[in-house]
Amino acid sequence: LLMKFIQSYHSRALYTYKRLNLHWSHTSPAAFIEPGIFMGTYGPHGMEVINLVTTGDIVGTAGTKVTGDPNVPFGEITFRITDPGCLNIPLDIQDATDRLTEFLEEPSYIEYQEGLRLDFKLPAMCFERETV
């Protein structure tokens with residue numbers, strides 16, 4: 001019993017609890033993406049959870065980490081959109097990750113417009129957990 005107490009006492013410093021404040025602005029039905037909680041698995045960090053907050057315009061939209069990691073701690077902004085340009089990636093380039101890497105050396109952009117929808121294809125050897 002004493003060892004259990006000592007173990008619990010010393011491990012209390014391993015956990016930090018902070019309040020999660022979710023403030024989502026109400027967007028129009030034509031919004032480019034609705035705000036909310038998004039989850040994904042990225043390499044060694046495991047499940048990542050991001051709170052997406054929109055400003056009503058694509059510029060200023062930001063993602064804040066709900067689950068922190070060594071690179072971006074909890075509550076910190078993990079990305080912010082600062083430019084209205086959208087990557088215009090042709091479907092044949094989206095088919096393979098090596099082509100995507102080459103494309104990003106000299107990317108092609110188009111300006112964001114309300115209602116803009118771009119084609120999307122998962123690269124070979126990448127898999128969806130749920131249909132996008």
Side-chain angles (χ1 to χ4, degrees):
L1 184 61
L2 178 60
M3 290 305 292
K4 182 71 171 170
F5 171 77
I6 291 171
Q7 181 181 12
S8 297
Y9 181 79
H10 287 291
S11 68
R12 76 187 189 288
L14 299 176
Y15 304 102
T16 301
Y17 300 95
K18 294 183 182 178
R19 183 176 181 83
L20 175 62
N21 294 314
L22 301 175
H23 299 286
W24 297 321
S25 58
H26 296 286
T27 57
S28 72
F32 62 96
I33 190 168
E34 289 296 318
I37 299 290
F38 291 80
M39 296 184 297
T41 303
Y42 305 99
H45 298 297
M47 180 65 71
E48 302 269 343
V49 181
I50 295 173
N51 178 24
L52 182 72
V53 178
T54 61
T55 60
D57 185 17
I58 194 164
V59 174
T61 293
T64 304
K65 289 295 277 285
V66 174
T67 53
D69 62 40
N71 298 320
V72 182
F74 165 84
E76 296 294 320
I77 293 176
T78 188
F79 70 86
R80 181 185 315 275
I81 298 175
T82 59
D83 187 300
C86 298
L87 283 172
N88 187 20
I89 308 172
L91 282 174
D92 62 316
I93 292 176
Q94 294 181 34
D95 191 43
T97 54
D98 59 331
R99 288 190 215 133
L100 284 169
T101 303
E102 290 172 16
F103 172 82
L104 290 174
E105 291 174 8
E106 293 183 39
S108 168
Y109 293 94
I110 58 174
E111 193 164 324
Y112 173 76
Q113 306 160 26
E114 189 170 324
L116 175 67
R117 297 287 183 246
L118 299 172
D119 292 328
F120 174 75
K121 181 178 183 180
L122 277 175
M125 303 306 294
C126 293
F127 305 95
E128 292 180 82
R129 290 186 181 200
E130 293 182 27
T131 304
V132 177

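By convention here, the first residue in the shown sequence is residue 1.
Annotation: side chain to side chain donor-acceptor pair (under 3.5 Å) contacts involving residues 85-95, sequence neighbours excluded, comprise D95-K121. Sorted pairs that involve residues 72-86 and meet side chain to side chain donor-acceptor pair (under 3.5 Å), not counting sequence neighbours, are lacking altogether.
A donor-acceptor pair under 3.5 Å is formed between the side chain of T67 and the backbone N or O of V49.
Of all heavy-atom pairs spanning T54 and T61, the tightest one is CA-OG1, 3.8 Å. Looking at every heavy atom in both residues, P35 comes nearest to V53 through CB-CA, 4.5 Å.
For N71, the side chain to side chain donor-acceptor pair (under 3.5 Å) test picks out H45, with sequence neighbours left out. With sequence neighbours left out, the salt bridge (Lys or Arg N to Asp or Glu O under 4.0 Å) criterion links D98 to no other residue.
Atom-to-atom distance recorded for T64:OG1 and F74:CZ is 9.5 Å, nearest 0.5 angstrom. Atoms CD and CD, from E102 and E105 in turn, are 6.5 Å apart once rounded to the nearest 0.5 Å. The OG1 atom of T97 sits 11.5 Å away from the CG atom of L122 when rounded to the nearest 0.5 Å.
Within the hydrophobic cluster formed by Ile, Leu, Val, Met, Phe, Trp and Tyr side chains joined at under 4.5 Å, directly or through other members, Y109 is accompanied by L87, I89, I93, L100, F103, L104.
By the criterion of side-chain heavy atoms lying less than 4.5 angstrom apart, applied directly or through intervening Ile, Leu, Val, Met, Phe, Trp or Tyr residues, V66 is grouped together with M47 in one hydrophobic cluster.
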